[in-house]
Amino acid sequence: MSAVHIIGPNELQNKLLQAFLEKETGLTCTSGSKMDVKADDFDPEVHSLILYDCLGSDPAELWAVLETGSNNGLSACSIALLNTLPETGDEKDFIDQGIRGVFHNGEPLKLLAKGVQAILDGEMWYSRKTLSETITDPDRSRKTPSAAASTITAREREILIEI
């Protein structure tokens, strides 16, 4: 079971997206105008996705919530960005921040429904070009092992060395 929470400054748009996603995907959807959601707003048995509308929103608000996400329990929720501008080139940074996908301003609604379902199924929703560039970026590959190494236990590290 999955749920979607739409956050953005345009209440009418949020309600329309909520109705559309509920109809197209059968998911339970809610919407709000502020990033005031907390972990206890979500059922821990339900995989939740927060769709954050970047158009007319303050990205600093989102980054502040992401930085404290592990403290307030939101780290269990997937987060995707809505109405992003493709020309900004921020997608690699979004991946580094743990954002599961982006939906560019002007994309067809059918892609939104498909992407939301893909994210809830454990996939990422980025262009193939962005994912390819991110994976093959030599600077990123040098950073990733050390970052990953700091998140594994000593026993896991020992097993990996043996392998």
Side-chain angles (χ1 to χ4, degrees), residues 1-8 10 13-55 57 59 61-63 65-86 88-137 140-141 143-145 147-148 151-152 156 160:
M1 187 161 183
S2 302
V4 177
H5 187 74
I6 303 162
I7 299 171
N10 188 330
Q13 174 189 277
N14 295 349
K15 293 292 183 190
L16 290 170
L17 281 175
Q18 177 181 344
F20 171 77
L21 286 173
E22 287 175 342
K23 180 181 176 213
E24 289 293 312
T25 64
L27 297 168
T28 302
C29 299
T30 59
S31 63
S33 60
K34 296 195 184 268
M35 192 70 164
D36 55 1
V37 293
K38 294 171 186 56
D40 51 355
D41 293 338
F42 300 99
D43 181 346
E45 301 296 317
V46 175
H47 184 190
S48 298
L49 170 65
I50 296 173
L51 266 179
Y52 184 82
D53 186 359
C54 294
L55 195 63
S57 297
E61 176 186 25
L62 174 64
W63 301 132
V65 169
L66 289 175
E67 287 175 8
T68 61
S70 58
N71 297 334
N72 62 17
L74 286 179
S75 57
C77 297
S78 296
I79 298 176
L81 304 180
L82 183 64
N83 287 324
T84 61
L85 300 173
T88 62
D90 293 332
E91 290 186 358
K92 288 181 188 177
D93 293 335
F94 296 155
I95 291 171
D96 290 340
Q97 288 288 333
I99 302 296
R100 300 295 300 172
V102 296
F103 300 95
H104 295 302
N105 189 16
E107 285 183 344
L109 282 175
K110 288 285 188 187
L111 279 181
L112 175 65
K114 185 177 179 181
V116 163
Q117 193 59 60
I119 292 169
L120 289 169
D121 289 341
E123 299 176 28
M124 295 182 80
W125 193 260
Y126 287 93
S127 70
R128 287 183 178 183
K129 179 181 178 188
T130 297
L131 290 174
S132 296
E133 289 173 355
T134 302
I135 291 169
T136 59
D137 181 3
R140 180 174 171 78
S141 65
K143 294 176 195 170
T144 305
T151 61
I152 63 174
E156 290 169 331
L160 286 172

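Bear in mind the structure is a predicted one, so any value in this text is a computation, not a measurement. Values below: every heavy atom of this structure, side chains too, minus hydrogens, waters and symmetry copies.
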Side-chain donor/acceptor pairs under 3.5 Å, residues 109-124, sequence neighbours excluded:
{"residue": "Lys110", "atom": "NZ", "partner": "Glu24", "partner atom": "OE1", "Å": "2.9"}
{"residue": "Gln117", "atom": "NE2", "partner": "Asp121", "partner atom": "OD1", "Å": "3.4"}

With [X] via side chain to side chain donor-acceptor pair (under 3.5 Å) - residues at least two apart:
X	result
Asn83	Asp53
Gln18	Ser31
Ser127	Thr130
Asp90	Thr88

Taking the side chain as every heavy atom from C-beta outward, state whether [X] and [Y] have any pair of such atoms under 4.5 Å apart.
X	Y	value
Ile95	Leu131	yes
Leu55	Asn105	yes
Glu22	Leu27	no

side-chain contact (heavy atoms from CB on, under 4.5 Å) partner of His104, chosen from Leu82, Thr84, Leu81: Thr84
Steps toward side chain to side chain contact (heavy atoms under 4.5 Å, CB included) verdict (Ile6, Thr30): CA-CA 6 Å; Ile6 303 162; Thr30 59; over 6 Å; no
Calculate, to the nearest 0.5 Å, the distance between atoms [atom1] and [atom2] belonging to [X] and [Y] respectively.
X	Y	atom1	atom2	answer
Phe103	Leu17	CZ	CG	10.5 Å
Cys29	Lys15	SG	NZ	11.0 Å
Ile79	Ser48	CD1	OG	11.0 Å
Ser78	Trp125	OG	CH2	14.5 Å

Non-hydrogen atoms of Tyr126 and Ile99 that approach each other most closely: OH-O, 2.7 Å
Trace of the side chain to side chain contact (heavy atoms under 4.5 Å, CB included) decision for Leu51 with His5: CA-CA 6 Å; Leu51 266 179; His5 187 74; over 6 Å; no
